Amino acid sequence: MEQLKTTETQTTLDNKKPSIYSLQLHELKEWLSENGEKPFRAEQIFDWLYKKRITSFDEMSNLSKDLRDKLEHHFVVTTLKTVIQQTSSDGTIKFLFELHDGYSIETVLMRHDYGNSVCVTTQVGCRIGCTFCASTLGGLKRHLEAGEIVAQVVNVQQALDETDERVSSVVIMGIGEPFDNYDNMLSFLKIINHDKALNIGARHITVSTSGIIPKIYQFADEDMQINFAISLHAPNTELRSRLMPINKAYKLDDLMKAVRYYIDKTGRRISFEYGLFGSVNDSVEHAEELAALLKGIKCHVNLIPVNYVPERDYVRTPKNQIFAFEKTLKKRGINVTIRREHGHDIDAACGQLRAKERKEETR
């Protein structure tokens, strides 16, 4: 696999207006000034978008008709068409949304004791090529603009408004590699975190990467309080390269150096996502090797019993083996938990619903 390039590409199609959700508050103020309007109108617009959660500029009744026309001319209030909405017996809801160009993305609402969490998508498809993941089927179609990521949270919040609930946390672990769409992802983080927008606390937001090393250094230097996770899935470089081709471009040893830099720079603990695949990476010996790899690192390991994906060959690790793996890590002083299963009775695996319903996108 050639070394990944993370240069930004234009995410909007020709003749398509950008999403108003893509603008941070200061950017909207600048746009208003440049277009002969008072900058304070930006906070009014944010109130309509994120507090009242309107779906058209015409609803912004305290703005002049002239300003509403300007907004309508330059931007869209991104709306996502719900193609399918699956609800699990545990309360998990998976949405298959259609974008303006006909492509589809997945967004998941997960209910916890501590509140409602939304898992968002950052790309249409994915080019990372992890051999266990349905998201990469068909490759990368395009990046999402920041507003298309924001709109996923807004849409879920609109659904929760019916029961007076709110989105309390966000995880960026849906379809795509967030660090492959870095600038749009970063704008998304700043928008949903802003107190005039969705006001989701930084410590209630988690971003995950498969290991694009230059962006890990860059993210560490952003000095944000966002939770950070690495999709690891293997304790050695040979096995990781088999499971995750990105390891051929960004080696495990170099990844661990970047992890240490992140921890030293931010002082924050890092999480490692470790999917357990039957007879592949789930033995006690693998657990011992993983403990040695992570020794001395301020971290937490999240063990993930994988959901079966028909297009992939991996099977779930038996429960007794999962517990043995966890016990081995704990004995070696590694902070570890087994992720609670969500949506076991729906198409829960990342990219699975899209692969099932939109075969033309995932061939």
Side-chain angles (χ1 to χ4, degrees), residues 8 11-12 18-31 42-55 75-80 93-95 97 99 105-112 114-124 143-161 164-209 215 218-219 222-229 266 268 271:
E8 297 304 318
T11 62
T12 55
S19 173
I20 188 73
Y21 291 128
S22 289
L23 294 183
Q24 298 177 47
L25 186 63
H26 72 90
E27 293 171 332
L28 183 53
K29 287 180 178 180
E30 290 169 8
W31 183 88
E43 293 191 5
Q44 294 177 315
I45 294 169
F46 260 47
D47 183 69
W48 284 109
L49 292 173
Y50 297 110
K51 307 303 184 203
K52 298 182 176 69
R53 292 184 277 280
I54 53 81
T55 57
F75 303 104
V76 293
V77 180
T78 299
T79 55
L80 303 173
I93 302 176
K94 189 163 201 176
F95 300 87
F97 290 130
L99 304 169
I105 57 173
E106 295 179 353
T107 306
V108 183
L109 167 66
M110 296 169 288
R111 299 181 184 277
H112 306 273
Y114 55 81
N116 297 310
S117 179
V118 176
C119 180
V120 299
T121 284
T122 54
Q123 296 176 305
V124 179
H143 296 321
L144 297 186
E145 62 173 305
E148 291 175 311
I149 312 174
V150 173
Q152 294 171 59
V153 185
V154 173
N155 270 250
V156 174
Q157 181 57 65
Q158 287 168 334
L160 289 173
D161 287 340
D164 293 322
E165 297 177 85
R166 72 179 297 265
V167 174
S168 53
S169 61
V170 170
V171 294
I172 311 177
M173 297 182 182
I175 294 172
E177 163 53 62
F179 279 13
D180 193 30
N181 189 17
Y182 187 85
D183 288 348
N184 286 317
M185 178 214 68
L186 197 64
S187 288
F188 163 75
L189 292 176
K190 292 177 179 178
I191 292 165
I192 66 168
N193 175 237
H194 200 286
D195 61 354
K196 299 295 183 183
L198 291 169
N199 196 27
I200 297 173
R203 296 186 183 217
H204 296 278
I205 303 170
T206 302
V207 60
S208 175
T209 179
K215 294 301 181 184
Q218 187 175 344
F219 191 66
E222 301 286 355
D223 196 28
M224 302 177 76
Q225 295 298 304
I226 305 294
N227 299 315
F228 184 46
T266 66
R268 295 182 60 75
S271 292

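Note that the structure is predicted; figures quoted are calculated from it, not measured. Throughout, residue positions are numbered sequentially from 1 according to the sequence presented. These values consider heavy atoms only, across backbone and side chains, with no hydrogens, waters or symmetry-generated copies.
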Aromatic plane relationship, Phe228 with Phe219 - under 30° parallel, 30 to 60° tilted, over 60° perpendicular: tilted
ring-ring contact (aromatic ring centres under 6.0 Å, His included) involving Trp31 - partner list, sequence neighbours excluded: His74, Phe75
Interatomic spacing from CD1 in Ile105 to CG in Leu144 - rounded to 0.5 Å: 5.0 Å
Lys/Arg N to Asp/Glu carboxylate O, Lys196 vs Asp47, below 4.0 Å: no
Criterion side-chain contact (heavy atoms from CB on, under 4.5 Å) on Val153 and Val150, from CA distance to verdict: CA-CA 5 Å; Val153 185; Val150 173; 5.8 Å; no
pair Val118-Val108: side-chain heavy atoms closer than 4.5 Å: no
Donor-acceptor contact below 3.5 Å, side chain Glu145 vs main chain Ser19: yes
Set of residues satisfying side chain to side chain contact (heavy atoms under 4.5 Å, CB included) with respect to Gln218, sequence neighbours excluded: Tyr182, Lys215, Glu222
Arg53 side-chain N/O to Val154 backbone N/O, donor-acceptor pair under 3.5 Å: no
Side chain proximity check, Lys190 to Leu25, heavy atoms < 4.5 angstrom: no
Steps toward side-chain contact (heavy atoms from CB on, under 4.5 Å) verdict (Leu49, Ile54): CA-CA 6 Å; Leu49 292 173; Ile54 53 81; 4.1 Å; yes
Contact check, side chains of Tyr50 and Asn199, non-hydrogen atoms, under 4.5 Å: no
Gap separating the CZ atom of Phe46 from the CD atom of Gln24, nearest 0.5 angstrom: 8.0 Å
Residues which pass ring-ring contact (aromatic ring centres under 6.0 Å, His included) with Phe97, listed by chain and number, not counting sequence neighbours: Phe95
Side-chain (Asn116) to main-chain (Arg166) donor-acceptor, under 3.5 angstrom: yes
Minimum heavy-atom distance between Met224 and Leu186, given as atom pair plus value: SD-CD1, 3.7 Å
Any donor-acceptor pair under 3.5 Å from Gln157 side chain to Val167 backbone: yes
Backbone of Thr107 reached by a side-chain donor or acceptor of Lys94 within 3.5 Å: no
Pairwise side-chain contact, Arg203 with Arg268, heavy-atom cut-off 4.5 Å (strictly under): yes
Where Ala42 and Lys29 come nearest, the two heavy atoms and their spacing: CB-CG, 3.5 Å
Non-hydrogen atoms of Ala197 and Lys51 that approach each other most closely: O-NZ, 2.6 Å
Separation of Met110 CE from Ser169 OG (nearest 0.5 Å): 7.0 Å
Pairwise distance NE2(His143) to CG(Asn184) - rounded to 0.5 angstrom: 7.5 Å
Minimum heavy-atom distance between His204 and Ser168, given as atom pair plus value: CB-O, 3.4 Å
Nearest-0.5 Å distance, OG of residue Ser22 to CZ of residue Phe188: 11.5 Å
Test log, rule side chain to side chain donor-acceptor pair (under 3.5 Å), inputs Thr122 and Glu177: CA-CA 7 Å; Thr122 54; Glu177 163 53 62; over 6 Å; no
Side-chain heavy-atom pair Val76, Tyr21 within 4.5 angstrom cut-off: no
side-chain contact (heavy atoms from CB on, under 4.5 Å) between Leu198 and Val170, worked out: CA-CA 11 Å; Leu198 291 169; Val170 170; over 6 Å; no
Residue pair Val207 / Phe179, side-chain heavy-atom distance below 4.5 Å: yes
Side-chain (Thr206) to main-chain (Val171) donor-acceptor, under 3.5 angstrom: no
Taking every non-hydrogen atom, the tightest pair across Thr78 and Ala151: CG2-CB, 3.8 Å
Separation between OG1 of Thr79 and CG of Asn155, rounded to the nearest 0.5 Å: 7.5 Å
Residue pair Arg111, Ile93: steps toward the side-chain contact (heavy atoms from CB on, under 4.5 Å) verdict: CA-CA 9 Å; Arg111 299 181 184 277; Ile93 302 176; 4.1 Å; yes
Nearest heavy-atom neighbours spanning Asn193 and Ile205: CB-CD1, 4.3 Å
